[in-house]
Peer 1: 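One structure is given below, represented as structure tokens, and several questions about it will come after.
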Amino acid sequence: MKQILEAILSGDTTAVGELDVPDHYRGITVHADEATMFEGLGSKEKDPRKSLHLDDVPTPELGPGEALVAVMASAINYNTVWTSIFEPVSTFAFLRRYGKLSPLTARHDLPYHVVGSDLAGVVLRTGPGVNAWKPGDEVVAHCLSVELESPDGHNDTMLDSEQRIWGFETNFGGLAELALVKSNQLMPKPEHLTWEEAASPGLVNSTAYRQLVSANGADMKQGDVVLIWGASGGLGSYATQFALNGGAIPVCVVSSPEKAEICRAMGASLIIDRSAEGYKFWADETTQDQKEWKRFGARIRELTGGDDPDIVFEHPGRETFGASVYVARRGGTIVTCASTSGFMHEYDNRYLWMNLKRIIGSHFANYREAWEANRLIAKGMVHPTVSKVYPLEDTAQAAYDVHRNLHQGKVGVLTLAPSEGLGVRNPSLRAQHEDAINRFRNR
């Protein structure tokens, strides 16, 4: 591994194809025999620092259509939090199911799960049938792992019956020194970004692109009023940028003055600090307060000059979903994913059916959508939102921070990269966007 890292740091990445692949590597894991360790605890009481481990694991066999990547940096997503607290189910159920598909996928069914759904790094090896990528290529990876043997996925790969999220529903993820991916997960690393910056957008940027911009999601157009929950967070920070880039009008919902200031730095001007304004959408554990929905809707109209949202960008889930359905305009769209505050949504259907609103479920992105989202990053039109970076050894603390919402934007993880700031290949393009690239730093 030391020789591979030295070759990458020297800038002669083509040399990695001539080096031996290590037979083991370090990765962040959860263990199957600990899957019940948090039983009886509430979600917020479950601590990723107890369940995430840094282990030395065997390098997996490389199969057809696959690539083995030396991972320079990765990032924390909420699916890693879910994996670490074994919610809504243990991910070992996903690995067992995948392992039954074929002799090749049986490699994934192990008593440990190497997690992580983002990476930036260098291709080490490619399997039979891979022609678009070669050893030495600097890449990022999106997290859609798809078999494409069913006709269902050939119009939109997210509809394939064997679609999975790499590093969550498959093994050998990106929070590690090596990662195993399908070759059609790979995309060019943006040349003006560091390894940790390039690793951070993959999952959330692609998810936000499909959810908000794509015709498979809300199909946003110029002039649309877009209500964005968590507008300074991992998903919301990209949704805010897409809305501004696309000529829409974002209404950014945040939970502190510091987060409001981040939205202003991105160019947004219509901001609701829900903590300062004291919105309580639930009167108790079982009853929503419709007066609060109405107060929230009135505040949106006050900011927009009387307009209700054409699109509500939903991802908190249970806590906010009733309000989201209520405030969307007649004929408007609520597009939803993630449900970080709870999966069991409740809303008053009268406001949906009688006002001809639509709820659209959105899950990650297909390869084309992910490629388009990455292209915007590479052109400096959308920027990474890294606020803090941890070493691989401290990944569990990084996941804890995300679980407790102690972060802004995205939290990065250095895997092989020995320090931050490495990997920039186009310093002139970087200089044009330095302030935007760094606007989430140390927040």
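It should be emphasised that the depicted structure is a prediction, and the values quoted were computed from it without experimental measurement.
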Peer 1: Anything under 3.5 Å between a donor and an acceptor, one on a side chain of residues 119-132, the other on a protein residue two or more places apart or in another chain? List them.
Peer 2:
{"residue": "Arg125", "atom": "NH1", "partner": "Val16", "partner atom": "O", "Å": "3.4"}
{"residue": "Arg125", "atom": "NH1", "partner": "Gly17", "partner atom": "O", "Å": "3.4"}
{"residue": "Arg125", "atom": "NH2", "partner": "Leu19", "partner atom": "O", "Å": "2.5"}

Peer 1: Determine yes or no for a side-chain-to-main-chain donor-acceptor pair under 3.5 angstrom, with Gln211 supplying the side chain and Gly217 the backbone.
Peer 2: no
Peer 1: With a 4.0 Å cut-off, would you call Arg107 and Glu66 a salt bridge?
Peer 2: yes
Peer 1: Under the 3.5 angstrom rule, does the side chain of Asp160 hit a backbone N or O of Asp152 as a donor-acceptor pair?
Peer 2: no
Peer 1: Looking at every non-hydrogen atom in both residues, tell me the closest pair between Ile249 and Gly223 and how far apart they are.
Peer 2: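 Shortest heavy-atom separation between Ile249 and Gly223 comes out as CD1-O, 3.8 Å.
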Peer 1: Quiz question: by atom type and distance under 3.5 Å, do the side chains of His315 and Ser339 form a donor-acceptor pair?
Peer 2: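 There is no such pair (donor and acceptor under 3.5 Å, judged by atom type) between the side chains of His315 and Ser339.
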Peer 1: I want to check something: taking the side chain as every heavy atom from C-beta on, are Met72 and Leu5 in contact at a cut-off of under 4.5 Å?
Peer 2: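 Side-chain contact under 4.5 Å: yes.
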Peer 1: Can you list the residues that meet the ring pair (Phe, Tyr, Trp, His ring centres under 6.0 Å) rule with Tyr238, with sequence neighbours excluded?
Peer 2: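 Tyr238 satisfies ring pair (Phe, Tyr, Trp, His ring centres under 6.0 Å) with no other residue.
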Peer 1: Main chain of Lys46, side chain of His403: is a donor-acceptor contact present, judged purely on distance under 3.5 Å?
Peer 2: yes
Peer 1: Quick one: CG on Leu212 to CD on Gln241, what's the gap to the nearest 0.5 Å?
Peer 2: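 Result: 12.0 Å between the selected atoms.
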Peer 1: Is the CG atom of Asp20 crowded by more than 12 outside heavy atoms at less than 6.0 Å?
Peer 2: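 Open: at most 12 neighbouring heavy atoms sit under 6.0 Å from CG of Asp20.
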Peer 1: Quick check for you: to the nearest 0.5 Å, what is the distance between Asp47 atom CG and Ser84 atom OG?
Peer 2: 8.5 Å
Peer 1: Indicate whether any N or O donor in one side chain lies under 3.5 Å from an N or O acceptor in the other, for Asp401 and His407.
Peer 2: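 No, because no side-chain N or O of Asp401 sits under 3.5 Å from a partner of the opposite role on His407.
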Peer 1: I'd like to know if the side chain of His108 reaches the main chain of Phe172, judged simply by a donor and an acceptor atom lying under 3.5 Å from each other, with no hydrogens or angles considered.
Peer 2: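 It does not hold such a pair.
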Peer 1: Not counting sequence neighbours, which residues clear side-chain hydrogen bond (donor to acceptor under 3.5 Å, both in side chains) with Arg425? List them please.
Peer 2: Glu138
Peer 1: Once side-chain hydrogen bond (donor to acceptor under 3.5 Å, both in side chains) is applied, do any residues pair with Glu169, and if so which ones, sequence neighbours excluded?
Peer 2: none
Peer 1: Under a plain distance cut-off of 3.5 Å, with no hydrogens placed, do Ser214 and Glu369 share a side-chain donor-acceptor pair?
Peer 2: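 Yes - a donor-acceptor pair under 3.5 Å links their side chains.
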Peer 1: So, do Ile300 and Pro309 sit near enough that their side-chain heavy atoms are less than 4.5 Å apart?
Peer 2: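 Of all side-chain heavy-atom pairs linking Pro309 with Ile300, at least one is under 4.5 Å.
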Peer 1: Look up atom CD1 in Ile28 and atom OH in Tyr112, then write down how far apart they are to the nearest 0.5 Å.
Peer 2: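 Rounded to the nearest 0.5 Å, the CD1-OH separation comes out at 14.0 Å.
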Peer 1: Just by distance, no angles: are the side chains of Ser150 and Glu162 close enough, under 3.5 Å, to form a donor-acceptor pair?
Peer 2: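 On atom types as modelled, these side chains do not qualify, holding no pair under 3.5 Å.
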Peer 1: Is any side-chain heavy atom of Tyr25 closer than 4.5 Å to a side-chain heavy atom of Val71?
Peer 2: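 Sidechains of Val71 and Tyr25: no contact.
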Peer 1: So Leu244 and Pro250, do their side chains get closer than 4.5 Å, heavy atoms only?
Peer 2: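 In short, these two side chains touch, coming nearer than 4.5 Å.
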Peer 1: Between the side chains of Glu196 and Lys388, is the shortest nitrogen-to-carboxylate-oxygen separation below 4.0 Å, so that they form an ion pair?
Peer 2: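 Looking at Glu196 together with Lys388, the answer is no, because their closest N to O distance does not fall below 4.0 Å.
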Peer 1: Does the side chain of Thr29 come under 3.5 Å of the side chain of Asp55 through a donor N or O and an acceptor N or O?
Peer 2: yes
Peer 1: Between Asp137 (side chain only) and Lys134 (backbone N and O only), is there a donor and an acceptor less than 3.5 Å apart?
Peer 2: yes
Peer 1: Identify whether the distance between the nearest side-chain nitrogen and carboxylate oxygen of Arg439 and Glu261 falls below 4.0 Å.
Peer 2: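 Between Glu261 and Arg439 there is no salt bridge, as every charged N stays at least 4.0 Å from the carboxylate O atoms.
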Peer 1: Ignoring hydrogens and angles, tell me if any N or O in the side chain of Thr194 forms a donor-acceptor pair with the backbone of Gly421 under 3.5 Å.
Peer 2: no
Peer 1: Does a side-chain N-to-carboxylate-O contact under 4.0 Å join Lys221 and Asp224?
Peer 2: yes
Peer 1: Any luck finding a side-chain donor-acceptor pair between Ser428 and Asn426 under 3.5 Å?
Peer 2: yes
Peer 1: For Asn77 and Asp118, which I'm curious about, is there any donor-acceptor pair between the side chains at under 3.5 Å?
Peer 2: yes
Peer 1: Between atom CG of Asn374 and atom NZ of Lys379, what is the distance when rounded to the nearest 0.5 Å?
Peer 2: 11.5 Å
Peer 1: With a distance cut-off below 6.0 Å to the six-membered ring centre and an angular limit of 45° from the axis, does Arg274 pair with Tyr279 as a cation-pi contact?
Peer 2: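 Geometry flag: not set, cation outside 6.0 Å or 45°.
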Peer 1: Mark yes or no for whether Asp23, through its side chain, and Pro58, through its backbone, hold a donor-acceptor pair below 3.5 Å.
Peer 2: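 A pair under 3.5 Å: no.
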Peer 1: What's the verdict on side chain to side chain donor-acceptor pair (under 3.5 Å) for Arg164 and Ser145, showing C-alpha distance, side-chain angles and the deciding distance?
Peer 2: CA-CA 5 Å; Arg164 293 173 173 83; Ser145 175; over 6 Å; no
Peer 1: Is the count of non-hydrogen atoms from other residues, nucleotides or ligands lying under 6.0 Å from Glu149 atom CD greater than 12?
Peer 2: no
Peer 1: Can you tell me if Ser324 and Trp229 form a side-chain donor-acceptor pair at under 3.5 Å?
Peer 2: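 Checked: Ser324/Trp229 side chains pair up, N/O donor to acceptor below 3.5 Å.
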Peer 1: So, Ser117 side chain and Trp166 main chain: donor-acceptor pair closer than 3.5 Å or not?
Peer 2: yes
Peer 1: Output all residues satisfying ring pair (Phe, Tyr, Trp, His ring centres under 6.0 Å) with Tyr367, sequence neighbours left out; order by chain, then residue number.
Peer 2: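 Ring pair (Phe, Tyr, Trp, His ring centres under 6.0 Å) list for Tyr367, sorted by chain: His142, Trp371.
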Peer 1: Please assess Thr59 against Leu68 for the test side chain to side chain contact (heavy atoms under 4.5 Å, CB included), listing each intermediate value before the final yes or no.
Peer 2: CA-CA 9 Å; Thr59 302; Leu68 190 67; 4.0 Å; yes
Peer 1: Go through it in stages, so that I can follow the logic: the residues are Arg430 and Glu197, the test is salt bridge (charged side-chain N to carboxylate O under 4.0 Å, His left out), and I'd like the CA-CA distance, side-chain angles, deciding distance and then a yes or no.
Peer 2: CA-CA 12 Å; Arg430 181 180 184 83; Glu197 291 162 354; 2.7 Å; yes
Peer 1: Is the shortest side-chain heavy-atom distance between Met266 and Phe440 below 4.5 Å?
Peer 2: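 Yes. Closest side-chain heavy atoms under 4.5 Å.
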Peer 1: Can Lys189 and Trp195 be said to form a side chain to side chain contact (heavy atoms under 4.5 Å, CB included), step by step?
Peer 2: CA-CA 9 Å; Lys189 173 190 170 290; Trp195 293 112; 3.4 Å; yes
Peer 1: Between Glu147 and Lys182, is the side chain to side chain contact (heavy atoms under 4.5 Å, CB included) condition met? List the steps.
Peer 2: CA-CA 9 Å; Glu147 304 304 313; Lys182 294 185 183 296; 3.4 Å; yes
Peer 1: To the nearest 0.5 Å, how far apart are OG in Ser74 and CG in Leu416?
Peer 2: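 Between atom OG of Ser74 and atom CG of Leu416 there are 11.5 Å.
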Peer 1: Could you check Arg210 against Met158 for side chain to side chain contact (heavy atoms under 4.5 Å, CB included), going step by step and ending with a plain yes or no?
Peer 2: CA-CA 11 Å; Arg210 180 184 175 104; Met158 287 305 300; 3.5 Å; yes
Peer 1: Would you say Tyr390 and Gln397 are linked by a side-chain donor-acceptor pair, where the criterion is simply a distance under 3.5 Å?
Peer 2: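 Gln397 vs Tyr390: no donor-acceptor pair found between side chains.
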Peer 1: How would you list, by chain and number, every residue that makes a ring pair (Phe, Tyr, Trp, His ring centres under 6.0 Å) with His53, sequence neighbours excluded?
Peer 2: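 Applying ring pair (Phe, Tyr, Trp, His ring centres under 6.0 Å) to His53 gives His31.
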Peer 1: Compare all side-chain heavy atoms of Leu95 with those of Leu110 and state whether any distance is below 4.5 angstrom.
Peer 2: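 They are not in side-chain contact.
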Peer 1: Looking at Ile165, Thr83, Asn171, which hits side-chain contact (heavy atoms from CB on, under 4.5 Å) with Thr91?
Peer 2: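 Only match with Thr91 under side-chain contact (heavy atoms from CB on, under 4.5 Å): Thr83.
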Peer 1: Given side chains that start at C-beta, do those of Pro188 and Trp133 come closer than 4.5 Å, heavy atoms only?
Peer 2: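 Pro188 reaches Trp133 side chain to side chain.
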Peer 1: State, yes or no, whether a side-chain contact exists between Phe296 and Leu227 at a heavy-atom distance under 4.5 Å.
Peer 2: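 Side-chain contact under 4.5 Å: yes.
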Peer 1: Check for a donor-acceptor pair, side chain of Ser232 on one end and backbone N or O of Ser237 on the other, with a separation under 3.5 Å.
Peer 2: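 It does not hold such a pair.
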Peer 1: Whether the side chain of Arg404 engages the backbone of Lys44 through a donor-acceptor N/O pair (distance < 3.5 Å, no angle test) should be reported.
Peer 2: yes
